[in-house]
Amino acid sequence: MRVRDRSPRGLGWWARAWLSTTVAWAVLALLAVLPLSLGTVQSARADSGPVTVQGPALWQPAKGTYGPNGSVTAAATGNLTDQVVHVSWKGFTPSVYTANGAQATNVQPRSSTVRYAVRVYECRGTDPQVTDCYGSTLYGGDRTKGFQQPGRPAGTTTPDLPTNMVMGVTGADGTGAADIETWTSQQSPSLGCDSIHPCSIVVEPNYGGDSRGLTAYLGHDKTGALHCDVHTYDTVSGLDLATDSELFSQNYVNRNASGEGCAWNERTVVPLSFAPTADSCKAASADFATAGLPMAERAIQQWRAGACLAASPIYAGYTSQGEPQARQTFLGGGGAEVALTSRPDTAPAPRPYVYVPLANSAVSVVFEVDDPATGRQIRQLRLNARLLAKELTQSYSQSPAGFAPASVAGNPRCLFEDPEFLALNPASSIAPLQWPACDTSNPQSLPIVVGNSTDMVHQLTGWIAADPDAAAFLQGSADPWGMHVDPYYQRPAFSGYPVDTLIPQDSTGYVGPPPAGADNHMKQYEWSPVLSGLTDTVRHLLSDQPTCLLVLKDGTGSNPHCPAPFVGQRQLIGIIDSADAEAYSLPEAQLLNQQGSFVAPSIGSMQAAVNDMPVDPKTYTQQLPYGAPGTSYASDPNAYPLTMVQYAMAPTSGLNTAKATAVSQFLQQVTDLGGGQLYGSAPGRLGPGYTDLTPSQQGFAQDAVQHVAAQDSALPGNQTGPTPPPTTPPATPPASAAATPPASTPATPVTAVSTGDQPSAPAAASQPDTSGGTAGGSGLTAAPADSGSGNGLSGQGTDTGGGLGTGADGGSGATPPADAAPSTASPAATASPGPSTTEPATAPVAVIGTPAPDRAGVARVLLPVVLITGAVLLVGGPAGLVLGGTPAGARVVARLRGAIGRGGPSA
C-alpha cells in the first residue's frame, strides 16, 4: 500500500498558519528559556581520557616462543596533578607461583615466589632509561651507562618519598591492573614532573631471560653480554630469573649492578603531561593571603594557578591550617586577609566581613580492604553512624581471645567481625570475594584520621551525635548484638560529640598478664590520629600505613610502628575529604542518610544535600539540619549525609584599594560560572571531588563579592557590627546603643528566604552612592541584551543592561539575583542584633541549621513561566500567522516537514 506524501501544498491557509505558528512558538520558547539555563550547564571537558599503546610480545613459557603483542592502557595521561592513575594491561604472560605453577594473586617487591610479575614506574621524560624511573634499581645513576654500572648507595633510589612504584600480577586471562600515584615536582623534586617537563609511566613485565650473562660466561665470553632470548634459567631453583628477586641481584658475571636488564627490554612507555600549578607562575609577592580549609586545598591550588597564569595575574597566597584556628585569627584581625571555612561563626561579628560560597564537597570514608583468598580489592562497603561511632571510640577489642581489656571485654575484635557490619554487608553483597578476618597483631582497621582541630571532624561527629542509634550507643546502650561503647568515651569521663579534635581516651591494658614482651597499656598504642594534618593522613592511606604502634617493644625499648600490610592483605579504613578520595581513586563507603538510604559521595548526591540545606538568616550560610524532623533532608533518599559547603570569610573593611580589588577579583573568578565553577583539571577550573555552586549560592557569592570590592563594611546576615566609641561619651548611654551599628554600616536583610529545596539568595541591601553621578544598571542580573562592559569590581565601565557590570558612575551595581527575596530595608534600617550562639563543642546532638520559611512559594516558580508564555503568545501568534500565509512561510514549513520525515535537516 502506497502512502501519499502530504506536502504543505495540500494544506489550507489556516492549517499552514497553525503549523507556522507552532514553529514560531517553539523557537521563541527556546530562545526565552536558554538564557535562564545556560548559566548552570557545566562544560563537558575531557581533560585526559584513556590512552592505549602497544605492549611487548607475549612470552609463552609452555611453547618456548613469543606470541602477539599485548597492550597497555592508562586511564588518564594529560593535565595530570598529584593523583592516582589506573593502569591496565592485556595479552601479558600470566603470573604464577614458583612452588606449584598456580595462578598468583599478589606479589611483593623482591619476591622470589612469583614468576612474570609486572612493575609500574613513574619516570622522567618521555623516553626514559631505567635511571630515570623513581624507585628502580638504578634511579639517579649514570644514564649513559645503563645497567653496566655500580649499584646505587642505600636510600638514593628514593630521595623524596618512599617509592611510588607499584607491582601487579597478570591473571590467567592475560589481564592485570595497578594504580600508581603520579607525582608532580612538589611531591618529587628529583622527578621534576610539571607542565614544562613531561614524564611517563613505564610498565615492565619480567618475562625472564638470561639477565646475568650466564650463557656468555659459560661460553667463555667475558664481555658481559645479556642473552634475554635465552630462558633456560628462568625456572632453575636458586636462580629464578623470571622473578622480581632477580631485579635486585648484584650481578658480577656481566658487571651488571642489577638483573633488571632483560625485564627493561619488555617495557612499555606511556607519555604523561601535567597541568600548570601555582608553582608555574613567575615569582611574585602574594597580593593577599588565604588560610584554612585543608579539605579545599586542591580546589584552592587549582584556582590559584588559574589566577596567576591569567593575562592580568592575581597572586593569592595560601596556608593550609585548621578552620577553627583560621577563623579565630581572622576574626581577631590578624593572619591572612581571607579565612577559609565550612562552619560559620555565630557570635556577633567583631569586624565587618561576609561569607562567600566557593564550592561544595564532603567528608569521605574510604577503605582499602582486600579479599584474603584472592588478594583482590573489595570496592563496595556500607556504614552507618553507629559503626563509625564504634570505630572512633576504640570500642573493638583488637585483642586475641582472652586478652581483651576490661573496657571492651565481650566486644568483637574488629569491624569485619561485627555482626552489625555483616548485617549491612552480607557475604552475598561482595561474592565471590570475602571479608578478611581481624588482624589482632596489627589493628589496621581502626580509622586513619586527622588529629588536629578541623571542621571535617566536627561535621563527622555532629552527624554521629544526631543519629538516634549512634547517640544511644554513645550514652551506654548496647547495640542489638550486645556490643557496648568503651566507657572511656562516655560522660562524664568524655565530653561527648560533636568535637573538633579526635583524641584517644582509653590507655588501659590486658586483663591478666600481657603476652611476653608486650606493654600492658595496649589500648594507648592501637590508634593514633595523624597530628601533622590532612595531607599526611592521606599519605598514610596511599602508603598503606596504619597509625597504630606494636605492643611488643623493640630492642631499644620503644614501640615500633605497625608494618604496612602487603597489597592483598589490607583492611584499612580512612576518613578524608571527597576531593582527595576522588584524585587518588580510593573507594568511598556508602553512608546511611536520615531518610534510610545508603549513599556514596558524588556530584549528584552532594547537590541533593546542598539543595536540602536551609539558609541561616544570621550568616547566609548553609549546613545540613541533622536531626531536624520534617525537613527536605529528612525525606531525601539521594542526599549524601556528610556534604559541606566551603566559604571564604572576606573582609568588607580595612583593605586598601589594591588588596580589595585583588581579593574581590579572585573571588569573582573562583565563583564565576564560566571559570572556577566549570569542572576540569586545568588551572582555574573546579577539580574532581567538588560540586559547583547552586544558582542561589551563586547569588550569595556575587552579592558578597560586591561588598568586598566596595569595602562598605557589610556584615554577614543580620548580625550587628562593633559599635565605635563616641568622640564625647554621653553622660547616660542610650538603651539601644548596643544594637545600633555605625552610620556607615549598610542595611542587611532581616530574614533569608528559602524556596522549597533550593534556598534563595538574600536581597542585596541598597548602598549609598559615594562616587557622584547617576547610578547605572544592575550589576548582577543576567539579560540577553546586556551591553554592560564593566566588571562590577573595578568601579569602571558602563552598564546599559544587566550583566556583571557597574553603573555609569562606577558604583557597586549590586542588584539582587532574580530569585532574591524582596528587601524591606532602607539604607538607614538596622537589623536586630543576634545573640552569641556559638555552638558548644560538647553538645550531645548537632542540629546544624534550621529550615527557613518559604514566603514566595509556588508563585515565585510560576512567575517566569507565565511571563515567558505571555511573550510567546504575544509575539509568536502574529508572527506565525504572517509566516504561514506567505510563500516563504510555506517553504519553511515544507523544509520542516521534510526534516521530520527524513530524520534530519532539509537540504
Side-chain angles (χ1 to χ4, degrees), residues 75 84 86 88 105-106 168-169 171 175-179 362-392 396 412 414-439 444-449 460 463 467 538 541-542 544 546 565-606 608-609 637-643 688-689:
V84 165
H86 184 70
S88 58
T105 57
N106 58 74
V169 294
T175 67
D179 292 329
V363 181
S364 288
V365 181
V366 299
F367 56 99
E368 292 183 305
V369 180
D370 301 322
D371 169 31
T374 64
R376 290 175 54 194
Q377 185 175 6
I378 298 170
R379 303 193 70 87
Q380 178 178 321
L381 185 146
R382 289 179 166 184
L383 295 172
N384 59 24
R386 184 164 56 195
L387 284 171
L388 280 170
K390 296 175 181 180
E391 285 273 275
L392 295 172
Y396 292 108
C414 77
L415 177 72
F416 302 109
E417 294 180 3
D418 185 339
E420 181 172 18
F421 173 84
L422 296 174
L424 294 183
N425 301 273
S428 59
S429 66
I430 61 168
L433 306 182
Q434 306 171 42
W435 296 112
C438 298
D439 184 355
Q444 53 173 305
S445 61
L446 289 184
I448 300 172
V449 295
L460 173 68
W463 172 64
D467 180 84
V538 176
L541 283 161
L542 295 177
D544 301 325
F566 294 136
V567 175
Q569 302 172 1
R570 298 171 300 179
Q571 41 187 272
L572 297 165
I573 306 289
I575 299 171
I576 59 174
D577 62 293
S578 56
D580 279 322
E582 181 77 15
Y584 296 122
S585 298
L586 294 168
E588 298 168 276
Q590 299 175 30
L591 302 184
L592 184 67
N593 65 17
Q594 193 166 330
Q595 185 272 344
S597 299
F598 286 95
V599 183
S602 67
I603 290 178
S605 64
M606 286 190 281
N638 301 312
Y640 180 68
L642 293 180
T643 301

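Being a predicted model, the structure only gives us computed values, none of them experimental. As a basis for the values below, the full set of heavy atoms in this structure was taken, side chains included, without hydrogen atoms, waters or symmetry mates.
Note that the CZ atom of Arg379 and the CG atom of Leu433 stand 11.5 Å from one another [nearest 0.5 Å]. Of the inter-residue distances, the one linking Leu541 atom CG with Ile575 atom CD1 reads 10.0 Å to the nearest 0.5 angstrom. Between the NZ atom of Lys390 and the SG atom of Cys414 there is a distance of 12.0 Å, given to the nearest 0.5 Å. Put simply, CD on Glu368 and CG on Leu586 are 5.5 Å apart, with the number rounded to the nearest 0.5 Å. Here the CG-CD distance, from Leu572 to Gln444, works out to 4.5 Å after rounding to the nearest 0.5 Å. With values rounded to the nearest 0.5 angstrom, Leu383 atom CG is found 9.5 Å from Glu420 atom CD.
Proximity of Ser585 to His86: side-chain heavy atoms (C-beta onward) are nowhere separated by under 4.5 Å. Contact check for Val449 versus Leu460: no side-chain heavy atoms found under the 4.5 Å cut-off. Between Asp467 and Asn384, the closest side-chain pair of non-hydrogen atoms is not below 4.5 Å. The closest side-chain heavy-atom distance from Leu392 to Pro447 is below 4.5 Å. Val363 is not listed as a side-chain neighbour of Trp463, based on a closest heavy-atom distance of 4.5 Å or more. Here the side chains of Ile378 and Trp435 are in contact, with some heavy-atom distance below 4.5 Å. A 4.5 Å side-chain heavy-atom check between Cys438 and Pro412 finds every atom pair outside the cut-off. Using a 4.5 Å cut-off on side-chain heavy atoms (C-beta onward), Leu415 and Leu387 make contact.
The shortest non-hydrogen separation linking Tyr396 to Glu391 is CE1-OE2, 3.5 Å. Taking every heavy atom of both residues into account, Pro436 and Gln571 meet most closely at CB-NE2, 3.7 Å. In plain terms, the two heavy atoms of Thr643 and Ser605 that are nearest each other are OG1-O, 4.3 Å. Asn106 and Gly375 get closest at one heavy-atom pair: ND2-CA, 4.2 Å. The two residues Tyr640 and Ala362 come nearest to each other via the heavy atoms CE2-CB, 3.6 Å. Scanning all heavy atoms of the two residues, the minimum distance from Gln569 to Asp370 falls at N-OD2, 3.2 Å.
A donor-acceptor contact shorter than 3.5 Å links the side chain of Asp371 to the backbone of Gln434. A donor-acceptor pair under 3.5 Å is formed between the side chain of Asn425 and the backbone N or O of Arg382. No donor-acceptor pair closer than 3.5 Å links the side chain of Asp179 to the backbone N or O of Val84.
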For Ile573 and Val365, run side chain to side chain contact (heavy atoms under 4.5 Å, CB included): C-alpha distance rounded to whole Å, both residues' side-chain angles, the deciding distance at 0.1 Å, then the answer.
CA-CA 7 Å; Ile573 306 289; Val365 181; 4.1 Å; yes
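Classified by interplanar angle (parallel below 30°, tilted 30° to 60°, perpendicular above 60°), the ring pair Phe416/Phe421 is perpendicular.
Within a 6.0 Å radius of CZ in Phe598, more than 12 heavy atoms belonging to other residues, nucleotides or ligands are found.
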